[in-house]
Amino acid sequence: MASGITAKLLHVDLSTRQTRTEEVPETVLRKHLGGGALAAHILLRDMPAGVDPLGPDNVLVFMTSVINGLSLSGTNRYTAAAKSPLTGGYGESEAGGWWGPELRAAGWDGVVIRGRSATPVYLWIKDDKVEFRDATPYWGQLSGEVQDGIERELGDKRMRVLQTGVSGERGVRFAAIVNQLKHFHGRCGLGAVMGAKRLKAIAVRGSKPPAASDKDGARKQLTGFKERYNRATDRFHQLGSASGVLALEASGILPTRNFRDGSFEHAKAISGQTMRDTILTDRGTCYACAVACKREVEVKELGVTPKYGGPEYESLAASGSLCGVGDLKKLALINQLYAQYVLDSISAGAVIAFAMECYEHGIITKEMTGGIDLTWGNADAVVEMVHRIGRREGIGALLGEGVKRAAAKLGKGAERFALHVKGQELPMHDPRGKKGLSLAYALSPTGADHMEAPHDPLYAGFHPQGHPMGVLGLIEPLDPLHLDARKVRAFYETQKVWSAYNSVGMCDFVGAPLNALELGPMVDYINAVTGWNMSLYELMKVGERNNTLARLFNVREGFTPEDDILPQRLHEGIGNGALKGERVDPDEFFAARRTYYEMAGWDPQTGRPTTAKLAELGVESAAT
Ligand code: SF4
């Protein structure tokens, strides 16, 4: 018997200031679950190809899921999606925190935004009441001032605020969106989409948290997770993602000086361990999450406060080793500036490292920087550059375009220092030492993305005796430096897992294989909440559907296999460290890419999902 579960979406037209409600039918909901898959479904349905990402016709979707806002750790994540101003293709970015669960408590599963407001505006959603409110006083303010101001204005400290920053208002192509100052939709420049719509913020307050259909069944899974999870030994709780600094340094793949090197002489100084022993004041968390992996830091002499959280691994590496900066306190300040301007810390650090390499080669001069000495390791120069990029001032206007466009404008061979895929800057992981990641970077619909699938060291641990990925038939250990058909299969299968997580709103740091929540119990939890009888097979199909719909979006925008490539530097040897000289062999890479296309049911010549694949996934109408 059908449980009757539907999703309730709030459609908002900023041009006309009208709203309407859509009920997503149960069959559509079960095929997508929410998050990335349902957002991609809506973007393909509601937006024609070829729209200007910074124009009124771009559609910006915020989407929770069928389990968001319930009590299981990690189920607070939700998706933002639109056409990306950075890549011109599919833009999707997940955030944790508090906003998604609050939206569900207000009775909404998602918000779909069109048009452009004539003046700055913010939305105030209180249960089923939706108000358009004047955001002029907040335009041009840093994120903390906006958060405090809206809380004061509405007189409700328990509501949750989602906002774009000054960078988004000014059209920085890698501007982010943040909720509660600390939880970011970092990638794809979706903050610039929000800014172009003159939508400063969405404040939400709800009074009816969702409940499970089978409360005892849901409780059983909560108890099971508590028994399996051990905070005392969990590296995510103890050190956060910042544990990655020393781990990757030891492996010879800590991205250093714009990916020239794999080893950084000041790695220890900027590590999660040093952070814990010096500036860490607390561990933060997201809604109902026992893992509490977030950092909160304080550096009084630099004005760094825990209000904005603290640096994750990606921020430490992108503004640290990638720029040659070994000063942890300054990195905490830089991280706070990213939060205040609401910038993607990966792209921002990467564009500054690109500028430093251009400076070294005389392509960018001191005259062009307005007197800033962009020598590797100059932390104060990085601080100054963040201000300029955040405000899009001086050289910040050029760098705010991202490395691909900036290199094209600079010329003089700057392209060879612009490390990106499809226009999105490389995250802080080096595929030369974990070769499966080369597929993730090249094939992700959003451009280079490190959260596309687990990384190769996890494949090295596959075994037949109860490994959490054994339920997918992944039971043989794979060498991180190999890129063969077995590696393609491991990537292809685990990519579906992480795409399913992005659809059901599960945090990768809670779910298997990174942490204790295995796939079987997750399916049981979804069923307990929804009343369905979903299988693991069906959940994996949701992940595949998400990938395929995003691929279709890009095909429709004119992307081809020519866009599924790596920057040249990754085909050259690493400059130093434990893997000195290691590279991604181009022949191996293109052979693996072809194997992936065939495995995924994509035409090897055009990269387009075949009619049969679309029919198998039940999304054939999405191609029309
Ligand atoms: S593991 Fe960390 S990021 Fe994930 S939901 Fe929990 S606190 Fe948030």
Side-chain angles (χ1 to χ4, degrees), residues 34-36 63-80 93-104 160 162 176-187 209 221-222 225-226 228-244 272 275-276 280-297 306 308-316 335 338-339 344-346 427-428 449-451 454 458 468 497-518 521-522 525-526:
M63 192 63 71
T64 68
S65 76
V66 291
I67 58 172
N68 188 298
L70 282 106
S71 308
L72 184 62
S73 290
T75 56
N76 52 71
R77 291 182 76 81
Y78 65 102
T79 294
S93 187
E94 277 70 34
W98 307 86
W99 191 85
E102 198 68 32
L103 185 73
R104 286 208 89 210
R160 309 297 181 184
L162 176 83
I177 297 171
V178 66
N179 79 72
Q180 298 301 105
L181 301 179
K182 299 173 184 167
H183 307 279
F184 290 84
H185 300 275
R187 307 238 69 196
Q221 298 310 323
L222 294 181
F225 177 70
K226 273 188 200 146
R228 284 188 298 275
Y229 176 67
N230 183 354
R231 230 186 198 192
T233 57
D234 180 15
R235 72 184 163 103
F236 287 108
H237 178 70
Q238 296 303 329
L239 293 171
S241 62
S243 67
M275 193 184 343
R276 177 195 59 200
L280 191 76
T281 57
D282 205 351
R283 293 170 173 87
T285 192
C286 301
Y287 174 88
C289 185
V291 174
C293 74
K294 300 281 186 174
R295 306 294 90 182
E296 295 194 352
V297 301
Y308 295 96
E312 303 274 341
Y313 163 73
E314 295 293 326
S315 310
L316 291 170
N335 186 68
Y338 290 145
D344 172 15
S345 65
I346 298 176
M428 296 304 111
D449 180 8
H450 63 294
M451 299 304 277
L458 280 154
V497 175
W498 281 23
S499 293
Y501 287 178
N502 284 348
S503 300
V504 79
M506 171 50 63
C507 182
D508 298 327
F509 293 172
V510 177
L514 289 182
N515 216 325
L517 184 69
E518 296 196 12
M522 190 179 317
Y525 189 72
I526 295 169

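Counting starts at 1 for both ligands and their atoms, following the listed order. For the numbers below, each heavy atom of this structure counts, side chains included, while hydrogens, waters and symmetry mates do not. Because the structure is a prediction, the values reported are computed rather than measured.
No side-chain donor-acceptor contact under 3.5 Å links Arg295 to the backbone of Glu312. Judged by distance alone, the side chain of Ser65 and the main-chain N or O of Val504 form a donor-acceptor pair under 3.5 Å. A side-chain donor-acceptor contact under 3.5 Å links Tyr313 to the backbone of Met428.
The protein heavy-atom contact nearest to atom 6 (Fe) of ligand 1 is Cys289 SG, 2.3 Å.
Not a single N/O/S atom of Cys293, whether from backbone or side chain, sits less than 2.8 Å from atom 6 (Fe) of ligand 1.
Cys286 counts as a contact of ligand 1, since one of its heavy atoms falls under 4.0 Å from the ligand.
Heavy-atom contacts of Asn76 reach the following atoms of ligand 1: 5 (S) (cutoff under 4.0 Å). In summary, the atoms of ligand 1 found under 4.0 Å from a heavy atom of Thr285, numbered by their order in the structure, are 7 (S). Near Cys507, meaning under 4.0 Å from one of its heavy atoms, ligand 1 places the atoms 1 (S), 3 (S), 4 (Fe), 5 (S). Residue Phe509 approaches ligand 1 through these ligand atoms, each under 4.0 Å from one of its heavy atoms: 1 (S). For ligand 1, the atoms sitting less than 4.0 Å from at least one non-hydrogen atom of Val291 are 1 (S), numbered in the order shown with element in parentheses.
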Would Ser315 and Asn335 satisfy side chain to side chain donor-acceptor pair (under 3.5 Å), going step by step from the backbone distance to the final call? CA-CA 7 Å; Ser315 310; Asn335 186 68; 3.2 Å; yes

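Side chains of Glu94 and Thr79: a donor-acceptor N/O pair is present below 3.5 angstrom, by distance only.
With a heavy-atom cut-off of 4.0 Å, Val510 touches ligand 1 through its side chain alone.
In this structure, Leu103 and Thr64 have side chains that are in contact, with non-hydrogen atoms separated by less than 4.5 Å.
Using bins of under 30°, 30° to 60° and over 60° for the plane-to-plane angle, the ring pair Trp99/Tyr78 lands in the tilted bin.
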